[in-house]
Participant: 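Dropping the structure in here first, questions after.
Convention: sequence-line order gives letters A, B, ...; per-chain numbering from 1.
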Amino acid sequence: MDTTYQPQNIEQSWYQRWEAAGCFQPEGDGDPFAIMIPPPNVTGRLHMGHGFNNTIMDTMIRYHRMCGDPTLWQPGTDHAGIATQMIVERQLAAEGISRHELGREAFLEKVWEWKAKSGGFITSQIRRLGSSVDWSRERFTMDEGLSAAVLEAFVRLHEDGLIYRGKRLVNWDIQLQTAISDLEVDNVEQDGHIWHFRYPLAGDASTKDGKRWLVVATTRPETLLGDTAVAVHPDDERYSDLVGQSVQLPLTGRLIPIVADEHADPEKGTGCVKITPAHDFNDYEVGKRQSLMLINIFDSHARVLSRAQAFDIAGQPLPGADLDMPPALVGLDRFEARRAVVLEMEQLGLLETIEKHSNKIPKGDRSGVVIEPWLTDQWYVKASAMAEQAMGVVERGEIQFVPKQYENMYFSWMRDLQDWCISRQLWWGHRIPAWYDEDGQHYVGRSEAEVRAAHKLGDRPLRQDEDVLDTWFSSGLWTFSTLGWPQKTPELEMFHPSSVLVTGFDIIFFWVARMIMLSTQLLKNDDGTPQVPFKTVYVHGLVRDGEGQKMSKSKGNVLDPLDIIDGISLDDLIAKRTEGLMQPKLAEKITKQTRKEFPEGIAAYGTDALRFCFCSLASTGRDINFDMKRVEGYRNFCNKIWNATRFVLMNVEGQSCGQHGETDYELGLAERWIISRLQHVEQECHKQIAQYRFDLLAQSLYEFFWNEYCDWYLELAKVSLNNDSVSEARKLGTRRTLVRVLEAGLRLMHPVMPFITESIWQQVAPLAGTATDTEALTTIMRQPYPRPDTSKIDAEAEAGIEFLKQLTIAVRNIRGEMNISPARTLKVLHTGATEQQQTLLERVTPLWMAMAKLESVEPLSGTDRPFSSTQLVGQLEILIPLEGIIDMAAERGRLEKELGRLDQERKRLQGKLGNPAFADKAPAEVVAKEQAKLDDVDLRHTAIQAQIERMAH
RNA sequence: AGGACCGUAGCUCAGUUGGUUAGAGCGCCACGUUGACAUCGUGGAGGUCACCAGUUCGAAUCUGGUCGGUCCUACCA
């Protein structure tokens, strides 16, 4: 073995061997355990969030597999409709081609080409993370099978009346030329203005204060052209007599009604609101209530139409009511139109004031352009009934959120859920299975043939809907479409509902909620109740950089997990971070910042260290601030494991360590102790995995292996192995324990650190007598996860070694503080041992002498105390004679410092115990505990006081 | 505006049902290499648990408030 841990030498080959041997496929006949991977974008790249997420999932998966459960980790990717189409369009644009020139079919071919080219990238990255997914079951949302599931789901939901088509206001992305859902809109704070306009009253009406106009305020003057009413509050007395009258809409001359509607807030502005139902979501609602006409003034690029289109509130065209737009405005885009309208109004003397105002503007999360509420025909999923069902399963605990607080988030979103717009005006995606006849009637079915047959359409010309479905529609079926639904497959039977979904809170709405709705709607349990997609949702935080900033390309602080695994030079990292920026001028800043953050680039830490780090960060918080120093620390931990193994192997080489079932061994106190500690850590691991506390799992493993096994047991083992007076049976016991505890420890750590544990285990297992050769590949992956054996918990050994540790630390403390060289052996005297301590002391003295490098240990005889530095272990006082060794002043200083500490502690305890309220009301147990503390402090205090006095003479 | 979460050592974070001398890693200081490991060992320094009030014998922990931070939802005509 190398003297240091070199991850690159051990990681790559093992993954291939596992995969080739089929180790990732479900096996066994316990309780099935399944995780469906949140499908990443097929053409995407791995980021830290994936790294984190995969680590958590793989840890659970490997754990359950080792526990013997049939374990499925279902991998796959989604087609990311908008994102992928955008990439390919951009590539075409670079060649000066638009997708429309290419045509739909040729364009889709290009997309498939791109998918073929780049689609394997992310899956190879997942392999590098060590994720033990079942690749033989890999799925893609555009696969035939999953497409069939999408088709079936659409048709069934339509049959159940849960999918409908309608002309409604949608979030229209004018750049991408498609509708998007509410969730794909970001509201961005922006400085703007509010314009106050006069709308002249029609006829001879006037307001109560004698004005011949109403004043309305707006942030979007251009929508004036589409106004179809002015609203006032029903209880607003200022305008009550005007309700039912009209205003004459400037620029168009149209008469529009004054209506009474709760939407108008008398407190705000003048209390009058212009209503543009075809270009504002609130106004649309007013329009529904007041049966107003809808007037659409824009084309799909939000340019003013020459002739605005009128609809009734149901979306039926009112051709007679169409109207010409002011010629000067025709063809202007919405922002040009805004300026033009304001200018015009000003010239007409109808502009009252302009106020500065900051408000939130809806922007498309992909395109970044301002979203236009626009009237279009779209397909919708009805939310209400499904939402109720989806809330029910969570209320009843059929699905549990971990941490529980996310249930609130889920419920609050579900409670006022809008219908989900699922159609997209894209080409890349699942085409909507609807066909139209010449009259515009639509028919939904699994195929054109089915539609024709079902509706007796003969050979009438039909054309299929051009649009595709929202990617999240297919992702929403993921837990069961990947298992073969709508077929009744054995996998579906066995692994659905899946066990746990692991995801960040940021996609609870996008994905989690929709999966729950679609699964409960489409799948039923044997008793007919709705079937959930998973039983638990483990929600983790988002990985941020060391400063707590969100990682993003434009901030230039993204990290690729593979660069932490393999390392990267500063120059390469800068190149990576500044490549393909949306705003090239950021490059300089990013370069500077990266130089500062990683002056040496990033070292190669290996997958296991990174994974251990991710686990250690998986606490319950919402933000995970990633710190490279911690990865380094866990790389060092790997090195520790590596070198401890080297030590064990060196010490058992060529000698028996009980691997052939030998029974002629004896276990000493140290052996019994470490075996006992192993049972504790095993208990802890099961517990922490069960409660999803991977941070505490990591902590337990780290502490056991480093602070107990390495720091103490290995040192104690040296004492046994290097001592001629120790019997061969005891030495055998030591070697046996060294190997077996290591072997169990490797299995314990394997779910978190698959590579190092496997490569070491291959060497250790035969020595522990646990490896079997019955399988094609003998691997730690298929070994049982250690289960604690409580009969091996040994309180006596734990007390003994605990005592030894205290004795040893006491001597080390004196050495440290007195600056006594570790090379110098010391004579130690002791006095005041209780009977129990005396017994223990006798047992551990040989170990103590070796651990603390002592020349002799003897009881203090007579009343003559030599000048000594002293330490107390309970009642036992240990003395290290000072003569010729210690600086008297230093010792005095040390003692006085300790005395001061004890003084304070004594005061605190005396105060507490002297308070009758405490003594009377606190449980006797607690009082006794405090009293014992005080006794101990008193004892120490007296002893140190005495020592100081002795030094004074 | 409403809601959620958070504020613990210089940094990144643990801290179970209230009962510890408030912990870990990193960083810092001192000392230390004839072999498991300097990717190391030993010892040490470092905290008014954001602040205020309350409940309690006892609060980092429970309650209310203040301040600071993050995020979500809604609205801003």
Side-chain angles (χ1 to χ4, degrees), chain A residues 1 3-5 187 192 194-196 216-220 223 230-231 263-265 268-276 280 282-283 357-360 403 405-406 408-409 412-413 416 505-506 508-509 542 544 546 548 550 603 605 609 616-617 619-630 632-651 691 693 695-696 699 702-703 707 710-711 714-715 718 808-809 812-823 901-902 904-905 908-909 912 915-923 925-927 929-930 933 937:
Chain A
M1 283 177 86
T3 56
T4 53
Y5 159 69
N187 290 308
I194 297 183
W195 289 267
H196 294 250
V216 297
T218 180
T219 53
R220 297 199 58 196
T223 62
V230 169
H263 172 63
D265 182 346
K268 272 184 197 159
T270 57
C272 304
V273 199
K274 68 194 265 311
I275 302 296
T276 325
D280 181 284
N282 286 311
D283 293 3
H357 178 69
S358 99
N359 60 345
K360 292 202 172 169
Q405 74 217 28
Y406 288 105
N408 293 330
M409 198 168 165
S412 72
W413 189 70
D416 46 21
F505 63 85
D506 53 331
I508 287 183
F509 308 142
L542 263 37
R544 297 165 186 281
K550 208 166 177 167
Y605 295 111
S616 78
L617 294 171
S619 58
T620 55
R622 242 180 16 178
D623 299 319
I624 298 163
N625 294 351
F626 190 81
D627 180 4
M628 202 63 75
K629 282 289 183 188
R630 280 187 79 154
E632 188 181 338
Y634 296 126
R635 190 272 318 262
N636 296 351
F637 180 52
C638 290
N639 187 60
K640 195 75 182 175
I641 297 169
W642 187 262
N643 274 289
T645 305
R646 287 183 62 220
F647 171 82
V648 171
L649 294 179
M650 280 175 186
N651 278 282
Q691 58 183 27
R693 287 302 302 270
D695 58 329
L696 299 180
Q699 198 182 310
Y702 187 96
E703 200 175 298
N707 302 127
C710 292
D711 285 352
L714 255 45
E715 297 306 320
K718 288 177 189 172
T808 307
I809 289 166
R812 285 177 180 169
N813 176 271
I814 290 172
R815 276 188 196 274
E817 299 227 334
M818 293 296 100
N819 245 326
I820 301 168
S821 159
R901 209 181 274 164
L902 290 171
Q904 283 211 325
E905 181 66 5
R908 194 182 65 83
L909 289 165
K912 199 169 187 178
N915 181 354
F918 173 74
D920 296 348
K921 293 193 184 175
E925 209 181 272
V926 174
V927 177
K929 205 169 143 192
E930 294 299 302
K933 275 189 216 167
V937 168

Participant: What integer distance in Å separates A/D283:CG from B/C75:P?
Facilitator: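 For the pair A/D283 CG and B/C75 P, the rounded distance is 12 Å.
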Participant: Which nucleotide, in any strand shown, forms a Watson-Crick or G-U wobble pair with B/C40, with both distances under 3.5 Å?
Facilitator: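 Looking at the geometry, B/C40 pairs with B/G32.
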Participant: Does a side-chain N or O of A/K629 approach OP1 or OP2 of B/C26 to a distance below 4.0 Å, or not?
Facilitator: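 Checking A/K629 against B/C26: no side-chain N or O falls below 4.0 Å of OP1 or OP2.
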Participant: With a non-hydrogen cut-off below 4.0 angstrom, is A/R635 in contact with a base, only sugar-phosphate, or nothing?
Facilitator: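 The answer is base, as A/R635 lies within the cut-off (heavy atoms under 4.0 Å) of a base atom.
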Participant: Quick one: look up who B/U20 pairs with, Watson-Crick or G-U, both distances under 3.5 Å, and put none if it's unpaired.
Facilitator: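 Paired with B/U20, as far as the under-3.5 Å criterion goes, is no nucleotide at all.
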Participant: Any donor-acceptor pair under 3.5 Å linking the side chain of A/R815 with the backbone of A/S821?
Facilitator: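 The answer is yes, because a donor-acceptor pair under 3.5 Å joins these two groups.
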Participant: To the nearest Å, give me how far apart CG (A/L909) and P (B/U21) are.
Facilitator: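 Those two atoms, CG and P, are 7 Å apart.
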Participant: B/G44, OP1 or OP2 - any side-chain N/O from A/N813 closer than 4.0 Å?
Facilitator: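 Yes, within the criterion.
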Participant: What distance, rounded to whole Å, do you find between the two C1' atoms, one in B/C62 and one in B/G69?
Facilitator: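 It works out to 24 Å between them.
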Participant: Rounded to whole angstrom, note down the C1' distance from B/U48 over to B/U8.
Facilitator: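 One C1' to the other, the span is 12 Å.
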Participant: From the set B/G44, B/A36, B/U12, return the single nucleotide nearest to any side-chain atom of A/M650.
Facilitator: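 Nearest nucleotide to the side chain: B/A36.
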Participant: OP1 or OP2 of B/G15 less than 4.0 angstrom from a side-chain nitrogen or oxygen of A/R693, does that happen here?
Facilitator: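 It does, given that an N or O in the side chain of A/R693 lies less than 4.0 Å from OP1 or OP2 of B/G15.
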Participant: If you take atom types as modelled and just measure distance, does the side chain of A/E715 reach the base of B/A36 with a donor-acceptor pair under 3.5 Å?
Facilitator: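 By the distance-only test, yes, there is a pair.
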Participant: Where the side chain of A/V926 is defined as all heavy atoms beyond and including C-beta, which of B/U12, B/G19, B/C40 is the nearest nucleotide?
Facilitator: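 Shortest atom-to-atom distance from the side chain points to B/G19.
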Participant: So if I take every side-chain heavy atom of A/Y702 and compare against B/C37, B/G25, B/U39, which nucleotide ends up nearest?
Facilitator: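 Of the candidates, B/G25 comes closest.
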Participant: What contact category does A/N651 fall into here, base, sugar-phosphate, or nothing, at under 4.0 angstrom with non-hydrogen atoms?
Facilitator: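 If one applies the 4.0 Å heavy-atom cut-off, A/N651 turns out to touch nothing in the nucleic acid.
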Participant: Indicate yes or no for a side-chain donor-acceptor contact from A/N643 to the backbone of A/N639 under 3.5 Å, with no hydrogens or angles considered.
Facilitator: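 Yes; at least one donor-acceptor contact below 3.5 Å.
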Participant: So does A/D695 pair up with A/R693, basic N to acidic O under 4.0 Å?
Facilitator: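 A salt bridge links A/D695 with A/R693.
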Participant: Nearest-Å distance, CE (A/M1) to C1' (B/A36)?
Facilitator: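 Rounded to whole Å, this separation is 9 Å.
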Participant: Determine the interatomic distance between P on B/A50 and the same-named atom on B/U61; round to the nearest Å.
Facilitator: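 One P to the other, the span is 8 Å.
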Participant: Check every atom of B/U39, B/A36, B/G19 against the side chain of A/F918 and return the nucleotide holding the closest atom.
Facilitator: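 Within the option list, the nearest is B/G19.
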Participant: By the 4.0 Å heavy-atom rule, please label A/L696 as base, sugar-phosphate, or nothing.
Facilitator: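 A/L696: backbone/sugar contact only, no base atoms under 4.0 Å.
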Participant: Could you please name the option among B/U42, B/A36, B/U39 that lies closest to any side-chain atom of A/A644?
Facilitator: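 My answer, after comparing the listed nucleotides, is B/A36.
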Participant: At their closest point, which heavy atom of A/V926 faces which heavy atom of A/F918, and how far apart are they?
Facilitator: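 Scanning both residues completely, I find the closest heavy atoms to be CG1-CZ, 4.1 Å.
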Participant: Would you indicate whether the side-chain heavy atoms of A/L714 and A/F647 approach each other to under 4.5 Å?
Facilitator: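 The answer is yes; the side chains approach within 4.5 Å.
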Participant: If I take atom CD in residue A/Q699 and atom P in nucleotide B/A14, what distance separates them, rounded to the nearest angstrom?
Facilitator: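 Nearest whole value for this atom pair: 10 Å.
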Participant: Would you call the rings of A/Y634 and A/Y702 parallel, tilted or perpendicular if under 30° counts as parallel and over 60° as perpendicular?
Facilitator: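 Perpendicular, since the angle between the ring planes exceeds 60°.
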Participant: Among the candidates B/C37, B/C5, B/C57, find the nucleotide nearest to the side-chain atoms of A/K921.
Facilitator: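 Side chain of A/K921 sits closest to B/C57.
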Participant: On RNA chain B, does the nearest nucleotide to A/Y634 precede the nearest nucleotide to A/P822 from the 5' side, or the other way round? Give the residue.
Facilitator: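 By nearest-heavy-atom nucleotide position, the 5'-most residue is A/Y634.
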Participant: Scan every strand shown for a Watson-Crick or G-U wobble partner of B/C26, both distances under 3.5 Å, and answer none if you come up empty.
Facilitator: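 Paired with B/C26, as far as the under-3.5 Å criterion goes, is B/G10.
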Participant: State which of B/C40, B/G43, B/U39 makes the closest approach to the side chain of A/K640.
Facilitator: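 So the side chain of A/K640 is nearest to B/C40.
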Participant: Which nucleotide, in any strand shown, forms a Watson-Crick or G-U wobble pair with B/A60, with both distances under 3.5 Å?
Facilitator: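 Answer to the pairing question: none, since B/A60 forms no Watson-Crick or G-U pair.
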Participant: What is the separation between atom CD1 on A/I624 and atom C1' on B/C71, rounded to the nearest whole Å?
Facilitator: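 Computing the A/I624:CD1 to B/C71:C1' distance gives 15 Å.
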Participant: Under a 3.5 Å distance rule, please check whether A/D280 uses its side chain to pair with a backbone N or O of A/T276 as donor and acceptor.
Facilitator: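 Such a contact is absent between A/D280 side chain and A/T276 backbone.
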Participant: At less than 4.0 Å, is any side-chain N or O atom of A/S619 found next to OP1 or OP2 of B/C13? Yes or no.
Facilitator: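 The answer is no; no side-chain N or O of A/S619 sits under 4.0 Å from OP1 or OP2.
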Participant: Hey, are the side chains of A/V273 and A/V230 touching, using non-hydrogen atoms and a 4.5 Å cut-off?
Facilitator: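 The answer is no, as the side chains (C-beta and beyond) never meet within the 4.5 Å cut-off.
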Participant: Considering only the P atoms, how many Å lie between B/C5 and B/U20, rounded to the nearest integer?
Facilitator: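 Taking atom P in both B/C5 and B/U20, they lie 26 Å apart.
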Participant: Watson-Crick or G-U wobble partner for B/U55, using a 3.5 Å limit on both distances?
Facilitator: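 No nucleotide pairs with B/U55.
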Participant: What distance, rounded to whole Å, do you find between the two C1' atoms, one in B/U70 and one in B/U33?
Facilitator: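 Between the two C1' atoms, the distance is 48 Å.
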Participant: Using a 4.0 Å heavy-atom cut-off across all strands, classify A/T219 as base, sugar-phosphate, or nothing.
Facilitator: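 The residue A/T219 makes sugar-phosphate contact but no base contact.
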Participant: CG of A/N636 versus C1' of B/G25: gap in Å, rounded?
Facilitator: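 To the nearest whole Å, that distance equals 11 Å.
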Participant: Regarding A/C710, tell me which of base, sugar-phosphate or nothing describes its non-hydrogen contacts under 4.0 Å with the strands shown.
Facilitator: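 The residue A/C710 makes base contact.
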Participant: Given B/G32, is OP1 or OP2 found less than 4.0 Å from the side-chain N or O atoms of A/N819?
Facilitator: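 Looking at the OP1 and OP2 atoms of B/G32, neither is under 4.0 Å from any side-chain N or O of A/N819.
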Participant: Base, sugar-phosphate or nothing for A/I275? Non-hydrogen atoms, less than 4.0 Å.
Facilitator: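 Touches nothing.
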Participant: Quantified in whole Å, what is the C1' atom distance between nucleotide B/G10 and nucleotide B/C76?
Facilitator: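 That atom pair is separated by 44 Å.
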Participant: How do A/C272 and A/T3 order along RNA chain B: which one's closest nucleotide is nearer the 5' end?
Facilitator: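 On the 5' side of the pair lies A/T3.
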Participant: Can you tell me the pairing partner of B/G2 across any strand shown, Watson-Crick or G-U wobble, with both distances under 3.5 angstrom?
Facilitator: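 When the pairing criteria are applied, B/C72 turns out to be the nucleotide that pairs with B/G2.
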Participant: How long is the line joining CZ of A/F637 and P of B/G25, in whole Å?
Facilitator: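 One finds 12 Å between P of B/G25 and CZ of A/F637, rounded.
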Participant: Just to be sure I understand the rule, does A/Q691 reach a base, reach only the sugar-phosphate, or reach nothing, if contact means heavy atoms closer than 4.0 Å?
Facilitator: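 Since no nucleic acid heavy atom lies under 4.0 Å of A/Q691, the category is nothing.
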Participant: Give me the distance, rounded to whole Å, that separates B/G18 from B/C11 when you measure between the C1' atoms they each carry.
Facilitator: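 Each nucleotide's C1' atom is 30 Å from the other's.
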Participant: Would the distance check show the side chain of A/D623 and the main-chain N or O of A/R544 forming a donor-acceptor pair, the cut-off being under 3.5 Å?
Facilitator: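 No: the side chain of A/D623 does not pair with the backbone of A/R544.
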Participant: Separation of A/F647 atom CZ from B/A36 atom C1', in whole Å?
Facilitator: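 My rounded result for the distance is 7 Å.
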Participant: Touch check for A/A231, heavy atoms < 4.0 angstrom, all strands: base, sugar-phosphate only, or nothing?
Facilitator: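 Touches nothing.
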Participant: How far does the P atom of B/U12 sit from the matching atom of B/G27, given to the nearest Å?
Facilitator: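 Roughly 15 Å separates the two P atoms.
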